[in-house]
Novice: 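Supplied in structure tokens, the structure appears directly below.
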Amino acid sequence: MARTTDSARRGLFPRRSLFLLLGLALFMPPLVLLIQVSTGDDSFCGAWCPRMFFLWREGTTLSAFLFGWLRSWAGVLLVLSIISVTFFFGRLWCSHLCPVGGALELGNRIFPRRLSIPYASIPAVPVRYGYFAVYLIAPAIGLGSLACNYCNFAAVPRVVAAGFGSPADIVYFLRSAGIINLALILLLGIFARGGRAYCNFLCPVGAIDGLINRVSTRFGKRVRIDQHACSDCGKCATVCPTSSISQNKVGHRIDQLSCLPCGKCQEACDDQAISYGKPVCQTHKSANGGVS
Amino acid sequence: MKRYRNFGYTLFGSSGAAGSMLAGQGCLGSCASCFGCVAFSGLLVSWALFKAIHRHERRDKHGLAAADH
């Protein structure tokens with residue numbers, strides 16, 4: 001892959017904070033602009049729910065299953081849009097617009113880094129897909145559902161709403177489910193190094209998005225490392241909020257199951273070995289020396 | 001070895017999810033304020049925190065934390 005130009009590097013990533021703030025304005029209380037304009041709801045619970053419609057529950061008929069898709073029509077459109085964007089451009093929803101991950105990351109920025117919890121030594125992919133397997137299988141065999149109990153799309157907006165003095169949301173965090181969710185938000189979000197441990201370990205939408213990101217790596221734009229320009233300094237790996245950069249015998253590589261195109265690695269790389277773009281064709285690759 | 005380690009973490013993720021879900025369901029409609037669900041989730045999170053911080057410190061001591069990912 002040809003290295004991106006400086007203008008291209010500036011074009012996508014430095015404005016990420018503005019995109020995150022836009023995501024908060026569109027989806028997070030007290031504004032929830034997009035949700036209120038389209039459905040009149042005030043949260044992701046309802047037509048905007050992106051996490052339940054694809055769950056098959058024991059005893060559900062096909063018509064009831066499809067009715068669930070109709071009931072969550074905005075959530076269905078949202079997830080389909082996320083998947084489409086991810087296929088061609090990488091996980092831009094997760095890195096740039098997701099109000100839940102964005103709120104946790106922005107909250108983490110005011111938390112001292114030296115006190116933050118380094119989750120990098122726990123491999124995220126097996127934990128995430130172990131959790132996700134139970135998320136899918138448990139309702140299908142009638143064990144129950146994880147969809148609402150530990151839903152960050154419900155809990156994080158509740159934290160914000162509670163911050164604005166909503167009595168119902170304040171009471172929620174005095175119950176055990178609220179305490180657990182608050183602990184998860186703090187320990188896996190605001191106190192976690194990079195602020196993205198919840199996204200990395202538990203988010204089901206992120207799990208689906210990661211799979212799409214991985215299987216379409218050859219077709220779409222992704223963050224990639226030029227192995228010949230890389231000096232193996234490891235700076236990219238230390239700043240990666242999802243711990244998706246690792247070192248193997250060849251050099252550093254990016255795990256596209258976890259990578260969000262946040263651009264932090266690109267900013268940290270002194271060798272300019274990291275770029276965001278499509279894979280290079282074979283002739284171009286041989287001319288340039290190769291890109292991982 | 002890495003394969004077994006990853007399998008262990010998959011088990012951790014799935015058993016944590018299943019356990020938390022079942023603990024939460026047991027309390028539906030019959031909450032005795034035992035905070036068992038909080039304790040169960042707390043144990044899992046504490047273990048994860050211990051693993052994360054302990055391993056990071058251990059690698060830091062050997063100068064490997066920069067490559068700990």
Side-chain angles (χ1 to χ4, degrees), chain A residues 116-139 143-150 175-181 183-184 186-188 191-193 197 201-202 204 207 232-240 242-247 252 255 258, chain B:
Chain A
S116 61
I117 304 164
Y119 286 103
S121 55
I122 296 181
V125 171
V127 175
R128 182 195 316 151
Y129 289 103
Y131 182 92
F132 189 56
V134 174
Y135 187 88
L136 291 178
I137 294 170
L143 261 181
S145 174
L146 275 165
C148 292
N149 281 356
Y150 304 112
R175 304 205 314 255
S176 55
I179 292 170
I180 293 172
N181 275 316
L184 289 176
L186 292 176
L187 293 173
L188 295 179
F191 298 164
R193 192 160 292 176
F201 289 122
L202 300 185
D232 281 342
C233 66
K235 286 181 183 172
C236 52
T238 57
V239 298
C240 179
T242 56
S243 316
S244 57
I245 303 179
S246 59
Q247 191 172 19
H252 279 79
D255 182 1
S258 300
Chain B
M1 184 64 194
K2 189 179 178 185
R3 185 185 304 164
Y4 295 122
R5 180 168 155 251
N6 283 346
F7 181 67
Y9 278 105
T10 307
L11 275 182
F12 168 71
S14 53
S15 61
S20 303
M21 181 185 66
L22 293 173
Q25 280 181 347
C27 300
L28 283 180
S30 59
C31 178
S33 300
C34 68
F35 276 74
C37 49
V38 176
F40 181 78
S41 307
L43 275 175
L44 287 175
V45 172
S46 304
W47 182 83
L49 283 178
F50 173 77
K51 290 291 285 184
I53 295 171
H54 177 68
R55 187 180 291 171
H56 186 80
E57 282 177 350
R58 199 175 57 192
R59 290 178 67 81
D60 206 19
K61 198 158 56 178
H62 293 90
L64 296 169
D68 193 359
H69 28 263

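Letters A, B, ... mirror the listed sequences (proteins, then strands); counts begin at 1. Here the structure is a predicted model, which is why all the values come from computation and not from measurement.
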Novice: Of all heavy-atom pairs between B:A48 and A:I122, which one has the smallest distance, and what is that distance?
Specialist: O-CD1, 3.3 Å
Novice: Side chain from CB out, backbone as N, CA, C, O: work out which of these in A:I117 comes under 4.5 Å of a heavy atom of chain B, or both, or neither.
Specialist: side chain
Novice: Checking heavy atoms, do the side chain of A:L187, its backbone, both or neither come under 4.5 Å from chain B?
Specialist: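 Side chain only.
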Novice: Name all residues meeting the ring-ring contact (aromatic ring centres under 6.0 Å, His included) criterion together with A:Y135; count only those two or more places apart in sequence or in a different chain, and write none if there are none.
Specialist: none
Novice: Return the minimal non-hydrogen interatomic distance between B:K51 and A:S121, and the atom names on each side.
Specialist: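 Of all heavy-atom pairs spanning B:K51 and A:S121, the closest is O-OG, 3.9 Å.
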Novice: Please assess A:Y129 against B:T10 for the test side-chain contact (heavy atoms from CB on, under 4.5 Å), listing each intermediate value before the final yes or no.
Specialist: CA-CA 7 Å; A:Y129 289 103; B:T10 307; 6.0 Å; no
Novice: Using non-hydrogen atoms only, which part of A:L188 is less than 4.5 Å away from chain B: side chain, backbone, both, or neither?
Specialist: neither
Novice: Suppose we screen for side-chain hydrogen bond (donor to acceptor under 3.5 Å, both in side chains). Which residues come up paired with A:R193, at least two apart in sequence or across chains?
Specialist: A:S116
Novice: Identify the heavy atoms of A:P118 and B:A52 that sit nearest to each other, and give their distance.
Specialist: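 In this case the closest contact between A:P118 and B:A52 is O-CB, 3.3 Å.
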Novice: Side chain, backbone, both or neither: which part of A:V134 has an atom under 4.5 Å from a heavy atom of chain B?
Specialist: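 Contact with chain B: side chain only.
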Novice: Taking all non-hydrogen atoms of both residues, which atom of B:M21 and which atom of A:S145 are closest, and how far apart?
Specialist: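 Shortest heavy-atom contact: SD-N, 3.6 Å.
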